[in-house]
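I have placed the structure first, in the form of structure tokens, so that the comments after it can refer back to it.
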Number of protein chains: 2
Amino acid sequence: MNPRPVPDATVSRLPLYLRVLAELAGAGETTVSSDELAEAAGVTSAKVRKDLSALGSYGTRGIGYDVSQLIDEIRSTLGLTEHWSILIAGVGNLGQALARYKGFAERGFRVAALLDVDPTKVGTHVADLTVRHLDELPDIVRTEGVAIGVIATPAAAAQDVADRMVGAGIRSILNFAPASLAVPEAVTIRKVDLAIELQILSYYEQRDALRDLGGGSGAGAIGGS
Amino acid sequence: MNPRPVPDATVSRLPLYLRVLAELAGAGETTVSSDELAEAAGVTSAKVRKDLSALGSYGTRGIGYDVSQLIDEIRSTLGLTEHWSILIAGVGNLGQALARYKGFAERGFRVAALLDVDPTKVGTHVADLTVRHLDELPDIVRTEGVAIGVIATPAAAAQDVADRMVGAGIRSILNFAPASLAVPEAVTIRKVDLAIELQILSYYEQRDALRDLGGGSGAGAIGGS
DNA sequence: CAATGTGAAGACCTTCACAGCC
DNA sequence: GGCTGTGAAGGTCTTCACATTG
């Protein structure tokens, strides 16, 4: 009766399908099979079918899925019918790159504000926005209806920024700082650590190098897409 | 007898522990318990113990783990005793930010080259490096001993770049382009899609908003760190 | 007959709880 | 006494395989 709880693993793949479906729609395709979708998304077709059936979606046996219907279905499940406002704290290298990144707007996320504490940065313009002081965070969250906070500060500042965000009512945080953040249970936090990704690759690189020398053991690849 | 196969989930957490341990070492701590490490890394202590025991590491009952020994152990497991060279393809917003990011060097990754195809970019300088043309990729991989390729191009160019990297002998790729890449099985690929992270957050944001209105269903938070 | 939707089996990961050791 | 290391139990996710249906 309730919108059925979508498994976490499925949630994390839905945006992927959405991207592929948008491409298909752009190419004029009107239907797609789980095989085709799987191929394009870099996953297995069984996974696609399980994932899509989890959101109660309608495919047609013998035919496949209706592309535009599926797009609507997934966007609705992910809450993308609403256009979220985000703000970015930390206007260093990464923060600036994120501010200029077109992909956010394309997918319905509006960068409402850029914040920093550095007086040489506050007041400057980046990507059509004026950098404002972190102290303005509560005001901005309220007036702009910000739902998601992005942390792109140095590690040392990240916890303070997270605390301020939580205090201002933000309950979804994307953390790029290389630091583990403590937040109340009701706050959802995701982290992206660039250096950690490289270290993980290092493990598999090393393992495969050993295997090639006859070290035995290891299996195959990891990635998918 | 063989370096025992470390579970993928464990591999993805080891860099996290390493970061925490480095902080502890910097603060002069010589031992750490699984509880303390778990707290600082944002995971459970059982997980920490399972993870560390997977790499055969020695803790001391009643005491905990020796910080510097554990650092060595993890670095060795991850292959971080070697200093890897990486290259970045695509010198747009994100590519430049990555090139300037200090965190890579701090953890032993040397950015050996920046590549692009845009003639207005080739020859310019970014973060002490001269941007070179993508056609030079095979030469650079050979002469610089590049092990990891980072793709920071637009989606449309990503597959071509991946193909070139694979052709040049690179077997580990970190992909920031919003595209699913097909690579041979022997190549390890990881992806980071900034917009996808936001879309995932959108789902939980929406779900929790519904729950707060009495929509029932949902559980707790997701994140950890 | 092509392709979905799904029980059932299997792999993987996490959590529990406690024996064992310093 | 405190903390590790680990079997066992419990979840979650993936894969299989096939009955079902337009």
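Residue numbers begin at 1 in each chain, while the letters A, B, ... track the order of the sequences.
- Here the P atom of nucleotide dA11(C) and the CG atom of Asp8(B) are 15 Å apart, to the nearest Å.
- Between Asp66(A) atom CG and dG22(D) atom P there is a gap of 16 Å when expressed in whole angstrom units.
- Every salt bridge (Lys or Arg N to Asp or Glu O under 4.0 Å) that Glu197(B) has, sequence neighbours left out, goes to Arg190(A).
- Rounded to an integer number of Å, the gap from Leu37(A) CG to dA3(C) P is 14 Å.
- Within the 4.0 Å cut-off from OP1 or OP2 of dT4(D), at least one side-chain nitrogen or oxygen of Ser34(B) is found.
- For the residue pair Ala97(B) and Asn93(A), the shortest heavy atom distance occurs at CB-O, 3.6 Å.
- Atom pair Leu52(A):CG and dG5(C):P shows a separation of 8 Å (rounding to whole Å applied).
- Listed for the Ser202(A) side chain is no donor-acceptor partner under 3.5 Å among the backbone atoms of Leu198(A).
- Taking the side chain of Ser53(B) as heavy atoms from C-beta on, and the options dC21(C), dC13(D), dT6(D), the nearest nucleotide is dT6(D).
- Judged by atom type and distance alone, Arg61(A) does not reach the base of dT21(D) through any side-chain donor-acceptor pair under 3.5 Å.
- For Tyr65(B), whose side chain is taken as the heavy atoms from C-beta onward, the closest listed nucleotide among dG5(D), dG5(C), dC22(C) is dG5(D).
- Backbone-only contact: Thr44(B) has heavy atoms under 4.0 Å from sugar-phosphate atoms and none from a base.
- As rounded to whole Å, 12 Å separates atom P of dG5(C) from atom NZ of Lys50(A).
- The CG-P distance, from Asp35(B) to dT4(D), rounds to 7 Å in whole Å.
- Using a distance-only test at 3.5 Å, with no hydrogens or angles considered, no donor-acceptor pair links the side chain of Ser33(A) to the main chain of Gly64(A).
- Residue Ser45(B) is classed as having no contact, given no heavy-atom separation below 4.0 Å to the nucleic acid.
- As rounded to whole Å, 11 Å separates atom P of dC16(D) from atom CZ of Arg49(A).
- Among the nucleotides dT14(C), dC13(D), dC3(D), the one closest to the side chain of Ser33(B) is dC3(D).
- Among all heavy-atom pairs drawn from Leu134(A) and Ala89(A), the shortest one is CD1-CB, 4.5 Å.
- The residue among Gly62(A) and Ala46(A) whose nearest nucleotide of DNA chain C lies closer to the 5′ end is Gly62(A).
- As a whole-Å value, the separation of Asp51(A) CG from dG5(C) C1' is 13 Å.
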